[in-house]
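Order of the sequence lines sets the chain letters (A, B, ...), proteins ahead of strands, with each chain counted from 1.
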There are 2 protein chains.
Amino acid sequence: MIETNLLAQFVAFAKAGTLTRAAQDLHTSQPALTRSMKKLEEELEVPLFVRHKNHLELTQTGRYAVYYAQRVLQENQDFCDRIRSYDRSLHTLSIGYCAPVPQMVLTPLLNGIFQGMTLSADMKDDVSFPEGLRRQTYQLAVMHARPDGDEFFVKKCGSEKLYLSVRASDPLAFYPEVRLQDLDGRAILLFSHIGFWMKMTREKTPHARYLLQVQRDAFHELTEHSDYPCFSSSYFLGQGQKIPGRINISLADPECQTDYYLVCLKSEQKRYEKLFQQIDDRTIY
Amino acid sequence: MIETNLLAQFVAFAKAGTLTRAAQDLHTSQPALTRSMKKLEEELEVPLFVRHKNHLELTQTGRYAVYYAQRVLQENQDFCDRIRSYDRSLHTLSIGYCAPVPQMVLTPLLNGIFQGMTLSADMKDDVSFPEGLRRQTYQLAVMHARPDGDEFFVKKCGSEKLYLSVRASDPLAFYPEVRLQDLDGRAILLFSHIGFWMKMTREKTPHARYLLQVQRDAFHELTEHSDYPCFSSSYFLGQGQKIPGRINISLADPECQTDYYLVCLKSEQKRYEKLFQQIDDRTIY
DNA sequence: TAACATTACGTTAGCCGTAACGATA
DNA sequence: TATCGTTACGGCTAACGTAATGTTA
């Protein structure tokens, strides 16, 4: 068995060509390398160098050894990466959310049940979630449709309905309900991290100009102090979070009403038992 | 990068179950292991152990790490073996001999040309020699027939003729020449390391009882002080090595007269140029 | 009480860097 | 003369083993 240290120095020499330059690369002294290379030869009991008076050269065996030394080092590095990554995976729960409200509702629950774990949330359209669950990129996912596939355990965890939020002075303010197409062509305030809602509203209002807000603060600022229409939802309204000076109009499109489903792999179902127990089909509303 | 040392200790602990027993296995002290395992965790920045008051246990990550640590160690060990074996192969010349006389004749030549090299000789029937040369099990071979195949470089290096050596009192002593079948059914002294001759003589005299001698001394002792017939050859007779009190009768079978061919791979021909220059088709006689 | 892990402590082997040396182009 | 490798030397770290401590079955 050869110490990793010696192998790394050996490879460094092979790459640098001289001990002096290898020493610079490794931030060590050059006599240290001389000694290490001697030790390496001693431990292998194989001559790896031809020592000219003024120059160190690899023997045929030495050149042969370089490749395999690199393999050993690579294996060592892979080991480190692998262990670290495995350990991290044990302590992080990656969850795919198709919309922000499920994240807001579930995060406190998850923090309670999986204490000490890091929660890693991914917010986007849920088409890639089944594949992500299969590859263990996600341990859990909240989708707005039941995924196909025998390998998934699914439980409905709530629903959400979208509302239009406008000033009383807005032309649409007089209607008891509106459709998304009524907004087409207008400028609309939109918070950017809203998962599948983004895709859906864009498709329904191809001519609208969306004023995307990445920062939550900026979004709230604008909803309160501008006249642009924006969206609200049953969740916020249920919590009494109405925006002052605005009224909320029901959106009649069927796409503006969705159910949410919490999904995991059946093989992992046991691990999330408590979570599934703590939710019912009206957890998110 | 983790030092090989630490990985070996880690695996030893995993196998032994306790630090104390691992320390015994590794012929080191137990506090040394405690410290090493701490260091391993520190360098990986991953907890590998759950420390009970009185007992050290692997975490899930720890158990996961054992397998991969073993792989790294295996790769390291393979590296050592590989380099040593490669270096040895560079300094040893493996030669297949189909008969002992070629070895006796060529060995001094080889020692002169390939000074510092280890000569490794294999004496046996030459059917496996072409395959051995291809696989580089042999670098050179002396055969009693030209091998098939474009990949070989072949040069005739001599011939040898077998004689029967008997006492003057032997019933066969009066014949000017004999055949092997004349010996069938009798007891015959035979030195055991004689390559293809063994197979040939056995086939021609299926009912003979061969008194096999592994030791050369014992063989000579018996040839000089017993009445059993034995074989001699043109080589020994040409050197004046007659056995006192015996006469040598020509063996008339065509199989008792053979040519020898020195063979190497064409791809290696350059390396053995000097050797081929120094032999001619009567080198062995 | 026996087995085990950790901590404390004094010792030392081994590694490091500086400096000196020898050789080369 | 500048570059390179080896050797010598002194200093110091880091690893070791013994012994003591604390815990458990």
Side-chain angles (χ1 to χ4, degrees), chain A residues 1-63 65-66 69 72-73 76 80, chain B residues 1-63 65-66 69 72-73 76 80:
Chain A
M1 292 292 191
I2 306 295
E3 284 306 315
T4 308
N5 186 24
L6 293 183
L7 291 180
Q9 294 180 340
F10 176 64
V11 169
F13 166 73
K15 285 183 176 163
T18 73
L19 287 180
T20 308
R21 259 193 291 154
Q24 287 166 1
D25 296 347
L26 293 172
H27 305 294
T28 182
S29 75
Q30 183 269 4
L33 281 193
T34 291
R35 291 186 290 258
S36 288
M37 294 305 95
K38 281 216 172 115
K39 190 172 176 187
L40 179 60
E41 277 182 305
E42 272 172 30
E43 304 210 343
L44 276 175
E45 301 175 314
V46 162
L48 300 170
F49 307 97
V50 270
R51 294 165 202 283
H52 301 94
K53 284 292 162 62
N54 190 22
H55 186 230
L56 198 64
E57 191 190 3
L58 287 171
T59 60
Q60 188 172 347
T61 307
R63 289 193 296 277
V66 173
V72 177
L73 292 175
N76 194 307
C80 297
Chain B
M1 293 289 192
I2 305 295
E3 285 305 316
T4 308
N5 187 24
L6 292 184
L7 291 179
Q9 294 179 338
F10 176 63
V11 169
F13 166 74
K15 285 185 176 164
T18 73
L19 287 181
T20 308
R21 258 193 292 154
Q24 287 166 0
D25 297 346
L26 294 172
H27 304 293
T28 182
S29 74
Q30 183 269 3
L33 281 193
T34 291
R35 290 186 290 258
S36 288
M37 296 304 95
K38 280 212 173 118
K39 190 172 176 187
L40 179 61
E41 277 183 304
E42 271 173 31
E43 304 212 343
L44 275 175
E45 299 174 316
V46 162
L48 300 169
F49 307 97
V50 269
R51 293 163 203 283
H52 300 94
K53 284 291 162 60
N54 189 21
H55 186 230
L56 198 65
E57 191 190 3
L58 288 171
T59 60
Q60 188 173 347
T61 307
R63 288 193 296 277
V66 173
V72 178
L73 293 174
N76 195 306
C80 297

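- Following rounding to the nearest Å, A:Q30 (CD) and D:dA8 (P) show an atom-to-atom distance of 15 Å.
- To the nearest angstrom, P of D:dA15 lies 13 Å from CG of B:L33.
- Among the heavy atoms of the strands lying under 4.0 Å from B:S29 is at least one base atom, whether or not backbone atoms are also near.
- When all heavy atoms of B:E41 and B:L48 are compared, the closest pair comes out as OE2-N, 2.9 Å.
- Within the 4.5 Å cutoff, the side chain of B:V50 has heavy atoms near those of the B:H52 side chain.
- In this structure, the nucleotide among D:dG22, D:dA15, D:dG5 sitting nearest to the side chain of A:T18 is D:dG5.
- Rounded to whole Å, the distance from CG on A:N54 to C1' on D:dC4 is 5 Å.
- Distances shorter than 4.0 Å separate some side-chain N or O of B:K39 from OP1 or OP2 on D:dA15.
- Atom CG in B:L56 sits 5.0 Å away from atom CG in B:L19 (nearest 0.5 Å).
- To the nearest 0.5 Å, atom CZ of residue A:F13 and atom OG1 of residue A:T18 are 7.5 Å apart.
- A:H52 has its NE2 atom 15 Å from the C1' atom of D:dT6, to the nearest Å.
- Here the CG-CE distance, from A:L73 to B:M1, works out to 4.5 Å after rounding to the nearest 0.5 Å.
- Atom C1' of nucleotide D:dG17 and atom CZ of B:R35 are separated by 8 Å, given to the nearest angstrom.
- D:dT7 atom P lies 12 Å from atom CG of A:L19, rounded to whole Å.
- Across A:L58 and A:R63, no two heavy atoms sit closer than the pair O-NH1, 3.2 Å.
- Candidate nucleotides D:dC16, D:dA19, D:dT6 were compared by shortest atom distance to the side chain of A:K38, and D:dT6 ranks first.
- Taking atom CG of residue B:L6 and atom C1' of nucleotide D:dA15, one finds them 11 Å apart after rounding to whole Å.
- Proximity of B:C80 to A:L44: side-chain heavy atoms (C-beta onward) are separated by under 4.5 Å at one or more points.
- Contacts of B:T34 with the nucleic acid, taken as non-hydrogen atoms under 4.0 Å apart, include base atoms.
- In this structure, of D:dG17, D:dG22, D:dT6, it is D:dG17 that holds the atom nearest to the side chain of B:T28.
- Per the geometry, CG belonging to A:L56 stands 15 Å off C1' belonging to D:dT7, to the nearest Å.
- For DNA chain C, the contact window with chain B, defined by any atom under 4.0 Å from a protein heavy atom, covers C:dA3 to C:dA8 in 5' to 3' order.
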